[in-house]
Amino acid sequence: MLKYESQIVTYLAEKISKEISGKCIKDLQESKNTLSGPDTGLINTWDEICAQIQGEYSFHWDTYEDTVELFIQPYLEKLNPYERFAIWLQTDEGMRYDEDEDKEPEIYSFAVLRYVKGHIFQQAGKWSNQRIRKYLERGGELDM
(Lines give C-alpha, C1' and ligand atoms only; values in the text may rest on other atoms or scores of the structure.)
Protein backbone atom coordinates (compact mmCIF):
# COMPACT_ATOMS: atom_id res chain seq x y z
CA MET A 1 0.00 0.00 0.00
CA LEU A 2 2.88 2.37 0.76
CA LYS A 3 3.98 2.28 -2.88
CA TYR A 4 0.61 3.65 -4.02
CA GLU A 5 0.57 6.29 -1.30
CA SER A 6 3.99 7.46 -2.41
CA GLN A 7 2.87 7.60 -6.04
CA ILE A 8 -0.21 9.61 -5.10
CA VAL A 9 1.85 12.11 -3.11
CA THR A 10 4.36 12.45 -5.96
CA TYR A 11 1.57 12.90 -8.49
CA LEU A 12 -0.08 15.59 -6.37
CA ALA A 13 3.21 17.43 -5.81
CA GLU A 14 4.08 17.39 -9.52
CA LYS A 15 0.60 18.50 -10.53
CA ILE A 16 0.66 21.45 -8.13
CA SER A 17 4.24 22.39 -9.04
CA LYS A 18 3.41 22.37 -12.75
CA GLU A 19 0.30 24.49 -12.17
CA ILE A 20 2.24 27.07 -10.16
CA SER A 21 5.07 27.02 -12.69
CA GLY A 22 2.65 27.64 -15.55
CA LYS A 23 1.04 30.56 -13.74
CA CYS A 24 4.43 32.06 -12.88
CA ILE A 25 5.66 31.71 -16.46
CA LYS A 26 2.56 33.52 -17.67
CA ASP A 27 3.16 36.26 -15.09
CA LEU A 28 6.82 36.56 -16.14
CA GLN A 29 5.78 36.80 -19.78
CA GLU A 30 3.48 39.68 -18.87
CA SER A 31 6.23 41.41 -16.91
CA LYS A 32 7.91 43.98 -19.12
CA ASN A 33 10.52 44.81 -16.45
CA THR A 34 13.65 43.94 -18.38
CA LEU A 35 17.28 44.50 -17.53
CA SER A 36 18.82 43.63 -20.87
CA GLY A 37 18.13 46.80 -22.81
CA PRO A 38 15.88 47.50 -25.78
CA ASP A 39 18.33 46.43 -28.50
CA THR A 40 18.44 42.77 -27.40
CA GLY A 41 15.02 41.93 -28.82
CA LEU A 42 13.95 40.33 -25.52
CA ILE A 43 10.66 41.90 -24.53
CA ASN A 44 9.79 40.43 -21.14
CA THR A 45 11.30 38.98 -18.00
CA TRP A 46 10.61 35.41 -19.14
CA ASP A 47 12.53 35.93 -22.40
CA GLU A 48 15.51 37.15 -20.40
CA ILE A 49 15.43 34.26 -17.95
CA CYS A 50 15.22 31.74 -20.80
CA ALA A 51 18.08 33.44 -22.64
CA GLN A 52 20.26 33.33 -19.56
CA ILE A 53 19.56 29.70 -18.71
CA GLN A 54 20.13 28.63 -22.32
CA GLY A 55 23.09 30.93 -22.80
CA GLU A 56 25.09 32.63 -20.07
CA TYR A 57 24.09 34.09 -16.74
CA SER A 58 24.53 37.83 -16.53
CA PHE A 59 25.54 40.04 -13.67
CA HIS A 60 21.80 40.41 -12.99
CA TRP A 61 21.14 36.70 -12.42
CA ASP A 62 20.49 37.13 -8.68
CA THR A 63 17.84 39.74 -9.50
CA TYR A 64 16.10 37.33 -11.86
CA GLU A 65 16.16 34.57 -9.24
CA ASP A 66 14.68 36.96 -6.66
CA THR A 67 12.01 37.97 -9.17
CA VAL A 68 11.01 34.36 -9.83
CA GLU A 69 10.77 33.74 -6.10
CA LEU A 70 8.57 36.82 -5.68
CA PHE A 71 6.23 35.49 -8.37
CA ILE A 72 6.11 32.02 -6.77
CA GLN A 73 5.50 33.11 -3.19
CA PRO A 74 1.84 34.23 -3.47
CA TYR A 75 0.90 30.92 -5.08
CA LEU A 76 2.62 28.94 -2.33
CA GLU A 77 0.78 30.94 0.31
CA LYS A 78 -2.54 29.82 -1.20
CA LEU A 79 -1.70 26.12 -0.88
CA ASN A 80 -3.36 23.90 1.68
CA PRO A 81 -1.00 22.43 4.27
CA TYR A 82 -1.25 18.96 2.70
CA GLU A 83 -0.37 20.37 -0.75
CA ARG A 84 2.68 22.15 0.66
CA PHE A 85 3.60 18.96 2.54
CA ALA A 86 3.31 16.86 -0.65
CA ILE A 87 5.73 19.19 -2.44
CA TRP A 88 8.05 19.29 0.57
CA LEU A 89 8.23 15.49 0.56
CA GLN A 90 9.79 15.71 -2.93
CA THR A 91 12.68 17.88 -1.66
CA ASP A 92 15.95 16.59 -0.22
CA GLU A 93 14.75 17.55 3.25
CA GLY A 94 11.42 15.82 2.74
CA MET A 95 12.98 12.63 1.40
CA ARG A 96 14.93 12.29 4.66
CA TYR A 97 11.73 12.55 6.69
CA ASP A 98 10.80 9.38 8.52
CA GLU A 99 7.20 9.40 9.70
CA ASP A 100 7.88 6.74 12.31
CA GLU A 101 10.82 8.61 13.84
CA ASP A 102 9.89 12.24 13.25
CA LYS A 103 6.54 13.03 14.81
CA GLU A 104 5.85 16.51 13.42
CA PRO A 105 8.04 17.51 10.49
CA GLU A 106 9.23 21.06 10.15
CA ILE A 107 8.31 22.02 6.62
CA TYR A 108 10.80 24.51 5.32
CA SER A 109 9.10 26.99 3.02
CA PHE A 110 12.40 27.69 1.29
CA ALA A 111 12.70 24.03 0.25
CA VAL A 112 9.21 24.12 -1.30
CA LEU A 113 10.01 27.42 -3.03
CA ARG A 114 13.31 26.02 -4.34
CA TYR A 115 11.53 22.92 -5.66
CA VAL A 116 8.96 24.93 -7.63
CA LYS A 117 11.66 27.34 -8.84
CA GLY A 118 13.52 24.31 -10.20
CA HIS A 119 10.45 23.42 -12.26
CA ILE A 120 10.32 26.93 -13.68
CA PHE A 121 14.02 26.96 -14.56
CA GLN A 122 13.69 23.53 -16.14
CA GLN A 123 11.00 24.94 -18.43
CA ALA A 124 13.17 27.99 -19.15
CA GLY A 125 15.89 25.65 -20.39
CA LYS A 126 13.50 24.20 -22.98
CA TRP A 127 11.44 27.27 -23.88
CA SER A 128 12.02 28.91 -27.20
CA ASN A 129 10.61 31.62 -29.37
CA GLN A 130 11.95 33.69 -32.23
CA ARG A 131 13.26 36.43 -29.92
CA ILE A 132 15.20 34.01 -27.72
CA ARG A 133 16.60 32.07 -30.68
CA LYS A 134 17.72 35.25 -32.41
CA TYR A 135 19.30 36.55 -29.24
CA LEU A 136 21.19 33.30 -28.62
CA GLU A 137 22.31 33.07 -32.26
CA ARG A 138 23.87 36.52 -31.91
CA GLY A 139 25.68 35.33 -28.78
CA GLY A 140 24.13 38.24 -26.94
CA GLU A 141 25.09 39.39 -23.52
CA LEU A 142 22.49 40.69 -21.13
CA ASP A 143 24.87 43.18 -19.50
CA MET A 144 24.58 46.05 -21.93
Side-chain angles (χ1 to χ4, degrees), residues 3-99 101-102 104-144:
K3 177 183 174 187
Y4 293 113
E5 290 170 350
S6 178
Q7 289 174 346
I8 292 168
V9 169
T10 300
Y11 173 81
L12 177 63
E14 290 302 307
K15 183 177 187 308
I16 295 166
S17 296
K18 286 178 184 178
E19 286 173 5
I20 292 173
S21 296
K23 290 175 183 178
C24 287
I25 289 168
K26 184 175 184 275
D27 294 343
L28 291 164
Q29 289 170 326
E30 292 173 359
S31 174
K32 304 303 180 194
N33 298 324
T34 59
L35 299 172
S36 64
D39 55 344
T40 63
L42 303 174
I43 64 168
N44 58 50
T45 307
W46 181 244
D47 282 355
E48 292 183 342
I49 290 169
C50 293
Q52 287 193 37
I53 287 180
Q54 294 173 32
E56 266 184 55
Y57 293 150
S58 78
F59 176 75
H60 301 294
W61 179 247
D62 289 341
T63 304
Y64 289 113
E65 270 200 287
D66 292 344
T67 300
V68 170
E69 290 175 8
L70 285 172
F71 278 84
I72 294 170
Q73 196 61 46
Y75 294 112
L76 294 182
E77 290 171 5
K78 293 178 184 175
L79 294 178
N80 294 317
Y82 70 87
E83 293 171 321
R84 195 177 353 262
F85 186 61
I87 295 171
W88 179 77
L89 285 172
Q90 308 311 303
T91 68
D92 292 337
E93 294 89 343
M95 288 185 183
R96 289 192 295 269
Y97 171 66
D98 184 343
E99 190 174 14
E101 292 179 20
D102 304 325
E104 192 68 34
E106 188 171 339
I107 299 174
Y108 297 101
S109 297
F110 182 73
V112 174
L113 179 101
R114 188 178 60 231
Y115 186 81
V116 175
K117 185 171 64 170
H119 273 265
I120 291 171
F121 289 160
Q122 189 176 37
Q123 288 301 310
K126 301 177 201 173
W127 199 279
S128 188
N129 61 36
Q130 186 176 0
R131 296 180 303 276
I132 295 168
R133 283 190 300 276
K134 189 172 183 178
Y135 175 83
L136 292 171
E137 286 170 4
R138 290 192 323 246
E141 293 182 14
L142 291 175
D143 290 327
M144 298 191 146

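This one's a predicted model, so the numbers in the text were calculated from it and none came from an experiment.
Taking K78 as the reference, nothing meets the side-chain contact (heavy atoms from CB on, under 4.5 Å) condition, with sequence neighbours excluded. Scored by the salt bridge (Lys or Arg N to Asp or Glu O under 4.0 Å) test, K15 finds E19 as partners (sequence neighbours excluded). For F121, the ring-ring contact (aromatic ring centres under 6.0 Å, His included) partners at least two apart in sequence or on another chain are W61. By the side-chain hydrogen bond (donor to acceptor under 3.5 Å, both in side chains) test, S109 is found to be paired with no residue, residues two or more places apart in sequence or in another chain being considered. Residues forming a side-chain contact (heavy atoms from CB on, under 4.5 Å) with K134 (at least two apart in sequence, or on another chain): R138. Contacts of L113 classified as side-chain contact (heavy atoms from CB on, under 4.5 Å), with partners at least two apart in sequence or in another chain: E69, I72, Q73, L76, F110. Contacts of Q122 classified as side-chain hydrogen bond (donor to acceptor under 3.5 Å, both in side chains), with partners at least two apart in sequence or in another chain: none. Listed by chain and residue number, nothing satisfies the side-chain hydrogen bond (donor to acceptor under 3.5 Å, both in side chains) test with R84 (two or more places apart in sequence, or in another chain). Judged as a side-chain contact (heavy atoms from CB on, under 4.5 Å), and not counting sequence neighbours, the contacts of D62 are E65. With sequence neighbours excluded, the residues forming a salt bridge (Lys or Arg N to Asp or Glu O under 4.0 Å) with R114 are E93, listed by chain and number.
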For residues 20-28, dump all side-chain donor-acceptor pairs below 3.5 Å to protein atoms at least two apart in sequence or in another chain.
unit_1: S21; atom_1: OG; unit_2: S17; atom_2: O; d: 2.7
unit_1: K26; atom_1: NZ; unit_2: E30; atom_2: OE2; d: 3.1
unit_1: D27; atom_1: OD2; unit_2: Y75; atom_2: OH; d: 2.8

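A side chain to side chain contact (heavy atoms under 4.5 Å, CB included) with I132 is found for one member of Q54, E137, E48 and no other, namely Q54.
Distance NZ/K32 to CG/L42: 11.5 Å, rounded to 0.5 Å. Rounding to the nearest 0.5 Å places SG of C50 at 12.0 Å from NZ of K126.
In Q130, the CD atom is not crowded: 12 or fewer heavy atoms of neighbouring residues, nucleotides or ligands sit closer than 6.0 Å.
The closest donor-acceptor contact from the side chain of N80 to the backbone of Y82 lies at 3.5 Å or more, if one exists at all. At distances below 3.5 Å, at least one donor-acceptor pair connects side-chain atoms of S58 with backbone N or O atoms of H60. Listed for the T45 side chain is a donor-acceptor partner under 3.5 Å among the backbone atoms of N33. Side chain of Q90 to main chain of A86: a donor-acceptor pair is present (N/O by atom type, distance under 3.5 Å, no hydrogens or angles). Under a 3.5 Å cut-off, the side chain of T91 and the backbone N or O of W88 do form a donor-acceptor pair.
Side chains of Y135 and S36 form no contact here, defined as non-hydrogen atoms less than 4.5 Å apart. Side-chain contact between L79 and I87 is present, with at least one heavy-atom pair separated by less than 4.5 Å. Contact annotation: the side chain of Y115 approaches that of H119 to within less than 4.5 Å [non-hydrogen atoms, C-beta and beyond].
Listed by first and then second residue, the ring-ring contact (aromatic ring centres under 6.0 Å, His included) pairs involving residues 18-47 are W46-W127 (not counting sequence neighbours).
Nearest heavy-atom pair, K117 versus V68, reported as atom, atom and distance to 0.1 Å: CG-CG1, 4.0 Å. Minimum heavy-atom separation, R133 to S128: NH1-OG, 2.9 Å.
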